[in-house]
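Quick note on labels: first sequence line is chain A, next is B, and so on, each numbered from 1.
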Amino acid sequence: MRLRFAPSPTGALHIGGARTALFNWLLARHSRGALVLRIEDTDRERSTTENVEQILDALRWLDLDWDEGPIFQSARAARHREALQALLDAGHAYRSRATAEDVKEFKRRHGADRGFRGEPDSDGAVRLRVPDEGATIVHDAVRGQTRFEHVHLDDPVIARADGSVLYNFAVAIDDLDARITHVVRGEDHLSNTPKQLLVLEAARAVGLGADRPLPVYAHLPLLHGPDGKKLSKRHGAASVQELRDAGYLPEAVRNYLALLGWGAGDDETVLSTPELVERFTLGRVSRNPARFDETKLRWLNGIYMRELPIPELARRLKAFLELTDPTAAKALAETETDRRSAERPPKAAGDRFERAVAISREKIQTLDDFWPLSGFFFIEPADDPPARERWLGEDGRRALSDARAALEDLGELTETTVAGALEAVVARRRVKPREVYQPLRVAIAGGTVSPGIFESVALLGRAETLRRIDRALARA
RNA sequence: GCCGCCAUCGUCUAGGGGACUAGGACGCCGCCCUCUCACGGCGGUAACACGGGUUCGAAUCCCGUUGGCGGUACCA
């Protein structure tokens, strides 16, 4: 199979585009075929190099690679003109000065059952001549046959008056030249397909690619927002960049996107990328439009985060924070400096960030969840007045004092020794565990939610823990 | 308006004439685990849009209605 992904650089890569890219990529890898990347920039007004870069970035982040290209459609203008001239010479296309208004007027006069047919002029835009009779049938790999009656089709404009070609023409010629065997794209292109098929037929009639079979088309169901409307910023993430910045892992995004409009057939939902490659086929692509629902993506992302080895997760977390949170990045950098100052045993210090990651990861679903939960290991905790009032009243402070004493007297602080010491405080005070642990949590973490209290104390270290307890006692 | 696509729990889906008292996953609810939050485990809630056919039998096939979406550019 030879496939292609052909985005138009008129904006960032949206989630729907990413899904199209993914499906093409999966098909190419599954079939051990090739994926061609083509940039459809024939609209020079709206296409920018920034957008091209952004799209390539998004594909790289998703780890979707391509075998050929990027081919810029604009760079193929000479070839397009040549093909256009061939169609013109053979009478499959003609120049016409007819405007959109003229077309409307034509239809008003002739009724809806007659597509626009122009008279050749000496100049003007180029229109493809659509046969009056018959129909073009699109054989779609996911939808079956769709019949487009020629009487309903207007002669489409395939090139501007200045000779520059338009989308439906350029696409057909480029697919032909690139020997694309399968055109897999969004359903919004279904009604373009007969036009492209007509271009292809005309091109073959004049000897262009006559030896090659027409590509198989497959139109993917569209993606909508949670409310069923068009996906937009209003729904949270709408572009791949936004997904990245929201703290999702590319492998989780691939897994989730694959499930939108495709299913393995059994009840599997967690499918690694190799499994997707192994199992993906066009035959199982759905015809129903799907809604992009971030809830399920969050869940999946959590699973992938927990499956990552701790050092790898730590690496990604660090990269993420460097990209999105200067404060956090700076704090982490300073932690590393401390480590090098050798004030503590290198091993323990070196693992500090990784240890924080290890005790946090079952509590977070995205990379973005980490810092709010565990940033207190690296920076001064935020103040949370309601939490203080609830847990650092008279009883809470007494419990906190007891905890302080127990920790101060302890030998080495490990999860086990801390647990022993604090459990003894609970037993001595004859209270529920939380009556000791929550005040302590508020004191060291700032709020009522954090990783396990024993692990947290052990990681924070005695000096810092005692300092924060003292500060909480003084302030409360 | 015209052309076209689509129609199963709130969401993603399984299902392609009898195996369906319609299965799974997310979410939600409850219980268990528990130092918070989670993770994990167990259980529960919840759907074949409607109306006609065809058939011994329809979620599955056909037609219509309704609804959603796409297209209808000298955009892609």
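Summarising the base pairing, G40(B) is matched to C32(B) through a Watson-Crick or G-U wobble pair whose two defining distances lie under 3.5 Å. Across all strands shown, A73(B) remains unpaired; no Watson-Crick or G-U wobble contact has both distances below 3.5 Å. Remark: A14(B) base-pairs with no nucleotide; criterion is Watson-Crick or G-U wobble with both hydrogen-bond distances under 3.5 Å. Pair check for C5(B) finds G68(B); Watson-Crick or G-U wobble, both atom distances under 3.5 Å. Base-pair partner of U55(B): not found among the strands shown (Watson-Crick or G-U wobble, both distances under 3.5 Å). Base pairing of C48(B): no nucleotide in any strand meets the Watson-Crick or G-U wobble criterion (both distances under 3.5 Å).
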When you compare the protein's N or O atoms with those of nucleotides 40-48 of chain B, which come within less than 3.5 Å of each other, and at what distance?
none

Protein-nucleotides 74-76 of chain B N/O pairs under 3.5 Å:
from	atom 1	to	atom 2	distance (Å)
C74(B)	O2	Ala161(A)	N	3.1
C75(B)	OP2	Arg160(A)	NE	3.0
C75(B)	OP2	Arg160(A)	NH2	3.1
C75(B)	O2'	Asp43(A)	OD2	2.2
C75(B)	O2'	Arg46(A)	NH2	3.0
C75(B)	O2	Arg46(A)	NH2	2.7
A76(B)	OP1	Thr42(A)	OG1	2.6
A76(B)	OP1	Asp43(A)	N	3.4
A76(B)	OP2	Tyr167(A)	N	2.8
A76(B)	O3'	Glu40(A)	O	3.1
A76(B)	O2'	Ser8(A)	OG	3.0
A76(B)	N6	Asn192(A)	OD1	3.0
A76(B)	N6	Asn192(A)	ND2	3.1
A76(B)	N1	Asn192(A)	ND2	3.2

Quick test: give all pairs of protein nitrogen or oxygen and nucleotides 32-35 of chain B nitrogen or oxygen below 3.5 Å, distance rounded to 0.1 Å.
from	atom 1	to	atom 2	distance (Å)
C35(B)	O2	Arg441(A)	NH2	2.2
C35(B)	N3	Ile453(A)	N	3.2

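Rounded to whole Å, atom P of G1(B) lies 22 Å from atom CZ of Phe106(A). Taking atom CG of residue Asp369(A) and atom P of nucleotide C37(B), one finds them 16 Å apart after rounding to whole Å. In this structure, Leu190(A) places its CG atom 7 Å from P of C5(B), rounding to the nearest Å. Atoms CG (Asp227(A)) and P (G10(B)) sit 16 Å apart, rounded to a whole Å. Taking atom CD on Glu187(A) and atom P on A7(B), their separation rounds to 10 Å, with Å as the unit. The distance from atom CG of Leu297(A) to atom P of A25(B) is 19 Å, rounded to the nearest whole Å. Separating the CH2 atom of Trp371(A) from the P atom of C37(B) is a distance of 23 Å, rounded to the nearest angstrom. In this structure, CD1 of Ile359(A) is placed 13 Å from C1' of C37(B), rounded to the nearest angstrom.
Within the model, atoms CG of Leu300(A) and CG of Leu257(A) stand 11.0 Å from one another, a figure rounded to the nearest 0.5 Å. Of the inter-residue distances, the one linking Leu62(A) atom CG with Asp57(A) atom CG reads 11.0 Å to the nearest 0.5 angstrom. Between the CG atom in Leu249(A) and the CE atom in Met305(A) there is a gap of 7.0 Å [rounded to 0.5 Å].
Side-chain N/O atoms of Lys104(A) include none lying less than 4.0 angstrom from OP1 or OP2 on U72(B). OP1 and OP2 of C3(B) both lie 4.0 Å or more from every side-chain N or O belonging to Arg114(A).
Taking atom P on both nucleotides, G71(B) is separated from A19(B) by 41 Å, rounded to a whole Å. Comparing the P positions of A73(B) and C62(B) gives a spacing of 32 Å, expressed to the nearest Å. Using atom P as the reference point in both C2(B) and G17(B), the two lie 35 Å apart (nearest Å). Look at the C1' atom in both U60(B) and A14(B): the space between them is 13 Å, to the nearest Å. C69(B) and C75(B) have their P atoms separated by 27 Å, given to the nearest Å. Comparing C50(B) with U11(B), their C1' atoms sit 23 Å apart, to the nearest whole Å. Nucleotides C3(B) and U21(B) place their C1' atoms 44 Å apart, quoted to the nearest Å. Of the P atoms belonging to C63(B) and G4(B), the separation is 13 Å, rounded to the nearest Å.
Applying the side chain to side chain donor-acceptor pair (under 3.5 Å) test between Asp154(A) and each of Lys107(A), Arg117(A), Lys195(A) identifies Lys107(A) as the sole match. Checking each of Glu251(A), Arg254(A), Glu278(A) against Thr273(A) for a side chain to side chain donor-acceptor pair (under 3.5 Å) leaves exactly one that passes, namely Arg254(A). When each of Asn24(A), Asp188(A), Thr20(A) is checked for a side chain to side chain contact (heavy atoms under 4.5 Å, CB included) with Leu220(A), only Thr20(A) meets the rule.
For Asp369(A) (side chain) and Gln365(A) (main-chain N/O), a donor-acceptor pair under 3.5 Å exists by modelled atom type. When atom types are taken as modelled, the side chain of Asp175(A) and the backbone of Ala170(A) share no donor-acceptor pair closer than 3.5 angstrom. Arg284(A) places no side-chain N or O within 3.5 Å of a backbone atom of Gly261(A) that could act as its donor or acceptor partner. Remark: side-chain polar atoms of Asp121(A) are not paired, donor with acceptor, to backbone N or O of Asp123(A) under 3.5 angstrom.
For the pair Arg316(A) and Phe320(A), the cation does not sit on the ring face, since its NZ or CZ is not both under 6.0 Å from the ring centre and inside 45° of the axis.
Put simply, the side chain of Lys363(A) and the base of C37(B) share a donor and an acceptor less than 3.5 Å apart.
Residue Val142(A) is the one, among His224(A) and Val142(A), whose nearest nucleotide of RNA chain B lies closer to the 5' end (criterion: closest heavy atom). Both Arg361(A) and Leu259(A) lie close to RNA chain B; mapped to their nearest nucleotides by heavy-atom distance, the more 5′-ward contact belongs to Leu259(A).
Arg46(A) pairs by the salt bridge (charged side-chain N to carboxylate O under 4.0 Å, His left out) definition with Asp43(A), not counting sequence neighbours. Among residues two or more places apart in sequence or in another chain, the salt bridge (charged side-chain N to carboxylate O under 4.0 Å, His left out) test is passed with Arg44(A) by none.
Residue Arg95(A) places its CZ atom among more than 12 non-hydrogen atoms of other residues, nucleotides or ligands, all under 6.0 Å distant. Residue-environment remark: CZ (Arg430(A)) stays at or below the threshold of 12 foreign heavy atoms within 6.0 Å.
If you check G27(B), A14(B), C12(B) against the side chain of Arg284(A), the one that comes closest is A14(B).
Two residues are said to be in side-chain contact when any heavy atoms from C-beta on lie closer than 4.5 Å; Arg129(A) and Pro156(A) fail this criterion.
Contacts between residues 285-294 of chain A and RNA chain B, defined by a heavy-atom separation below 4.0 Å, involve Arg287(A), Asn288(A), Pro289(A), Ala290(A), Arg291(A), Asp293(A), listed by number.
Base contact: Ser450(A) has a heavy atom under 4.0 Å from a base atom.
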